[in-house]
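Data block below; observations after.
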Amino acid sequence: MLYPSYIELSRTAFRKNVNFLKEFVGDDVLFSSVIKGNAYGHGIEQFIPMAEACGIEHFSVFSADEASRALLSCSEESHIMIMGMIANDELPWALENDISFYIFEKDRLEAAAEAANSLGKPARIHLQLETGMNRTGLSDEQLDECIKFIKDNRKLFSIEGICTHYAGAESISNYYRIQQQIKNYHRMLSHIEREGITPKRRHTACSAAALTYPETIMDMVRIGIAQYGFWPSRETYMHVLKNGNIKYKDPLVRIMSWKSFVMSTKEVEAGDFIGYGNVYLASKNEKIATVPIGYSHGFGRNLTNMGRVLINGYRVPVAGLVNMNLLTINVTDVPDVKKGDEVVIIGKQNGEEITVASFSEMSNYLNYEVLTRIPSELPRYVIE
Ligand SMILES: *Cc1c(COP(=O)(O)O)cnc(C)c1O
């Protein structure tokens with residue numbers, strides 16, 4: 001089947017990112033690859049085997065449904081950790097499949113104990129501490145209740161981790177809050193250890209924290225955006241650059257490209273409107289190419305008359321409305337455009353590049369959002 005557009009994942013680029021990040025955080029630190037949100041739009045099923053081929057054996061997801069997809073794609077050696085949503089009645093399934101999960105309420109801890117008891121197998125848990133994010137996490141009081149419960153049911157638990165998450169490590173404006181969180185984490189961790197509970201791993205760092213606050217790296221890092229080749233923010237990049245921590249200028253390279261092709265071409269005359277309504281008027285005789293990608297595929301309608309794509313090494317504008325399934329581009333200045341020519345939506349062609357960020361106005365969280373909105377139905381291929 002010929003799909004109207006498709007995603008390519010570069011294994012070489014991924015390996016480069018992982019090598020840089022592993023070297024940055026240190027060899028003895030476990031690298032957990034965060035693959036929530038369909039592996040940030042890269043596709044869980046295609047991403048996992050590629051990551052495993054590059055030495056990754058630990059994957060973090062948000063929820064049980066993502067974990068079940070990951071489970072089907074990963075090898076026996078790999079471990080899956082759920083950082084967020086799992087219903088209590090799914091906990092036996094998690095235990096059976098050696099999936100570990102966060103505990104941020106005593107309710108889930110009790111349900112995990114029940115599952116462990118009936119399966120005769122300890123629940124692999126991570127105690128998530130409330131250090132200042134104020135989203136999920138055990139407060140001091142809740143932690144004490146959980147500690148007591150764990151001590152009373154020692155055999156039912158394997159304490160895989162003590163963890164927390166930072167409230168915006170990618171921006172210096174959150175510096176004070178992050179410092180407080182680091183302090184709180186250590187205070188609570190000491191308390192837990194004084195109670196005789198020692199976790200296998202202490203883990204707090206996402207990409208931005210690992211790259212900006214080395215003290216947050218500990219025994220394991222949970223790396224999302226950076227492994228896909230994106231800096232969490234410009235600030236993070238500047239910070240790493242400024243500290244001279246990198247040997248080469250661009251240690252992170254984007255691994256995803258999004259491509260389509262020319263479906264058909266057409267010559268139009270000066271004064272003709274193109275597509276629906278009067279959105280685009282040809283100001284001279286022009287050559288228009290149609291590309292079978294539209295807003296139903298994630299190419300936003302807001303890119304009407306605004307978006308750019310690459311064709312034969314040229315950057316060309318969208319001409320007229322972005323339709324549901326197709327768009328029209330002005331290829332007047334590109335020699336010899338014909339049916340079947342490759343069109344790059346995101347990625348490189350002959351030295352030109354369309355970045356993910358160019359899909360909308362600049363903002364820190366833009367890459368995360370644009371990536372995860374790329375439809376999961378698009379086919380994804382791993383290339384070398
Ligand atoms: C998403 C997430 C991460 C990874 O964040 P990045 O900024 O993409 O590296 C780490 N930890 C938790 C708890 C998360 O939800």
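Indexing begins at 1, ligand by ligand and atom by atom, following the structure's order. FYI, side chains are in, hydrogens and waters are out, and symmetry mates aren't considered; it's all heavy atoms of this structure. Here, residue 1 is the first one in the sequence, and each next residue gets the next number.
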Ignoring hydrogens and angles, state whether a donor on the side chain of Glu342 or Gln349 is under 3.5 Å from an acceptor on the partner side chain.
yes

Starting from atom 9 (O) of ligand 1, what is the nearest protein heavy atom, named by residue and atom, and what distance separates them?
Ser207 OG, 2.5 Å

Taking NZ, NE, NH1 and NH2 as the nitrogens, is one of them in Arg187 or Asp140 under 4.0 Å from a carboxylate oxygen of the other?
yes

Mind listing the closest non-hydrogen atom pair of Ile86 and Ala94 along with its distance?
CD1-CB, 3.8 Å

Among all the protein's non-hydrogen atoms, which is closest to atom 7 (O) of ligand 1, and how far away is it?
Tyr368 OH, 2.7 Å

Got the closest protein heavy atom to atom 3 (C) of ligand 1, with its distance?
Lys36 NZ, 3.8 Å

Ranking Arg222, Met133, Met81 by closest non-hydrogen atom to atom 11 (N) of ligand 1, top hit is Arg222

Electrostatic pair Glu8:Lys259 at N-O distance under 4.0 angstrom:
yes

Counting from 1 in the order shown, the ligand 1 atoms closer than 4.0 Å to a non-hydrogen atom of Tyr40 are 1 (C), 4 (C), 5 (O), 6 (P), 8 (O)

For the aromatic rings, using the six-membered ring if either is Trp, is the centroid distance between Phe14 and Phe47 under 6.0 Å?
yes

Is Asp65 salt-bridged to Arg69, cutoff N-O under 4.0 Å?
no

Kindly confirm or rule out an N or O of Ala208 lying under 3.5 angstrom from an N or O of ligand 1.
no

Contact (N/O only, under 3.5 Å) between Ile225 and ligand 1
yes

Ignoring angles and geometry beyond distance, decide whether Tyr102 reaches within less than 3.5 Å of ligand 1 through its nitrogen or oxygen atoms.
no

